[in-house]
Amino acid sequence: MTGGARMTRVIVVDDQAVVREGLVLLLGLLPDIEVVGSAGDGEAALRLVGERRPDVVLMDLRMPRMDGVEATGRIRAEFPDTQVVVLTTYSDDESVFAALRAGARGFLTKDADADDISKAIATVKRGDAQLDPTVQRRLLDTMSAPMRQTPATTGNTPPPPGIVRDGLPDGLTPREGEVLALIADGLSNTEIAARLYISEATVKTHINNLFAKAGLRDRAQAVSYAFRHGMAHPQ
C-alpha cells in the first residue's frame, strides 16, 4: 500500500482458465491491488461477490451458464458498491452497449496492458468511467448520427424524452451538454470543474440535472448517451 491507502479488492471473472490465472498473476504484481478471488462464469462470480464484497470485478462477457452482461447487471443491482470493468475480446457495438446498459463503468479489450487495466480499476473505483480508446473511436464512428431537429415545444412543458430542443436532446442546456461531453472524455468532477472554471458543487448540480432529463443511471450510461447523440468530443 502507498500512503496508507486501502488496497483495492478485485475479483477476476473469465471462463478460460489460462486467461483467468494470467490476470490473477498480473494483478497480483500491481501496487494497491489485492485479488480476492476468481470465477469461471457469471453464476460463480455473483456468489463470490456476495462473499468477498470486492471493490471492482474484472469481467469477461462470453461465458457459460451466465454471461458477463447478465452478471454485471445482477452485481450492480445487488451490490451497488462493487464496480465492473469489462475485459473482453469483443468490441462490437452490441457488446459495448449491452455492457454499459447493464452498469459496467469500464470497457477494455484483451490487448490492454497492465497500465491500462490498473488505470481502469482505479478510475471506476472512484466512480468515473473508463473506455478503451479503440472502443471510444468505434462508438464515435458508428453511433454519432446527426441530431434530429424537431419543432420547439410550446409553453413551460418540458419536452418528452428523445425530443431535441435548441439542438440538444431531452432539453439539455448548453452547459449540461458541455459537462456531458467532458464526462464522455473520462474527466472527473474535479477535472470538469477546473476545465469549465466552475465549482465541483455546480458540476454535480449539472450532472444531476442532465441525468434526470436523459433518464441516466450512472456515468457509464452517460458516456453511451453522449456518443449515441453525437455529443462526445472526437478522439
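- Minimum heavy-atom separation, P64 to D41: O-CB, 3.3 Å.
- Summarising the geometry of A232 relative to A184, their closest heavy-atom pair is CB-CB, 3.9 Å, with the distance given to 0.1 Å.
- For residues 49-58, the pairs satisfying salt bridge (Lys or Arg N to Asp or Glu O under 4.0 Å) are R6-D55, with sequence neighbours left out.
- Annotation for I121: hydrophobic cluster partners, listed by chain and number, are V10, V12, V18, V19, L23, V24, L26, L27, L30, I33, V35, V56, L58, V85, L87, L108, I117, V124 (ILVMFWY side-chain heavy atoms under 4.5 Å, direct or chained).
- Put simply, the side chain of L210 does not reach to within 4.5 Å of the side chain of Y225, judged on heavy atoms.
- For the residue pair T72 and R76, no side-chain donor N or O sits within less than 3.5 Å of a side-chain acceptor on the partner.
- With a 6.0 Å radius and a threshold of 12 heavy atoms from other residues, nucleotides or ligands, K110 has its NZ atom above the threshold.
- To the nearest 0.5 Å, atom CG of residue N189 and atom NE2 of residue H206 are 11.5 Å apart.
- Q221 places a side-chain N or O within donor-acceptor distance of the main-chain N or O of R217, the cut-off being under 3.5 Å.
- Contact annotation: the side chain of I192 approaches that of I183 to within less than 4.5 Å [non-hydrogen atoms, C-beta and beyond].
- A donor-acceptor pair is defined here as one N or O able to donate and one able to accept, closer than 3.5 Å; no such pair exists between the side chain of S224 and the backbone of A220.
- R126 CZ to T190 OG1: the interatomic distance, rounded to the nearest 0.5 Å, is 9.0 Å.
- Atom CG of residue D14 and atom CG of residue L61 lie 10.0 Å apart, to the nearest 0.5 angstrom.
- Contact annotation: the side chain of D116 never approaches that of K119 to less than 4.5 Å [non-hydrogen atoms, C-beta and beyond].
- Evaluation of the side chain to side chain donor-acceptor pair (under 3.5 Å) rule for R20 yields no partner, not counting sequence neighbours.
- With sequence neighbours excluded, the residues satisfying side chain to side chain donor-acceptor pair (under 3.5 Å) with T202 are S199.
- Closest of all the heavy-atom pairs between E176 and N209 is OE2-CB, 3.3 Å.
- Under the 3.5 Å distance criterion, the side-chain polar atoms of K213 are matched with a main-chain donor or acceptor of G171.
- Of the charged side-chain nitrogens involved, none lies within less than 4.0 Å of a carboxylate oxygen, so that K125 and D32 do not count as a salt-bridged pair.
- Here the CG-CZ distance, from D170 to F211, works out to 13.0 Å after rounding to the nearest 0.5 Å.
- Inter-residue side-chain proximity for V203 and L182 is flagged as unmet; no heavy-atom pair is nearer than 4.5 Å.
- Residues A181 and M231 come closest through the heavy atom pair CB-O, 3.3 Å.
- The shortest side-chain heavy-atom distance between E78 and I75 does not fall under the 4.5 Å cut-off.
- Residues V223 and F107 form no side-chain contact, since every pair of their non-hydrogen atoms from C-beta on lies 4.5 Å or further apart.
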Checklist entry - Could you go step by step and tell me if E70 and D67 meet the side chain to side chain contact (heavy atoms under 4.5 Å, CB included) rule? => result CA-CA 6 Å; E70 182 180 353; D67 65 20; 3.5 Å; yes

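- With sequence neighbours left out, E43 forms a side chain to side chain donor-acceptor pair (under 3.5 Å) with R65.
- Nearest heavy atoms, A99 versus V86: CB-CG2, 3.8 Å.
- Not a single side chain to side chain donor-acceptor pair (under 3.5 Å) links T82 to another residue, sequence neighbours left out.
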Next on the checklist: Working note: R219 + D128, criterion salt bridge (Lys or Arg N to Asp or Glu O under 4.0 Å); need CA distance, chi angles, decisive distance, verdict.
Outcome noted: CA-CA 6 Å; R219 294 175 87 97; D128 294 327; 3.2 Å; yes

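- Here the closest heavy-atom approach between residue V13 and residue A45 is recorded as CG2-CB, 3.5 Å.
- Counting heavy atoms from C-beta on, the side chains of E178 and I198 never come closer than 4.5 Å.
- Residues R175 and L196 form a side-chain contact, since some pair of their non-hydrogen atoms from C-beta on lies under 4.5 Å apart.
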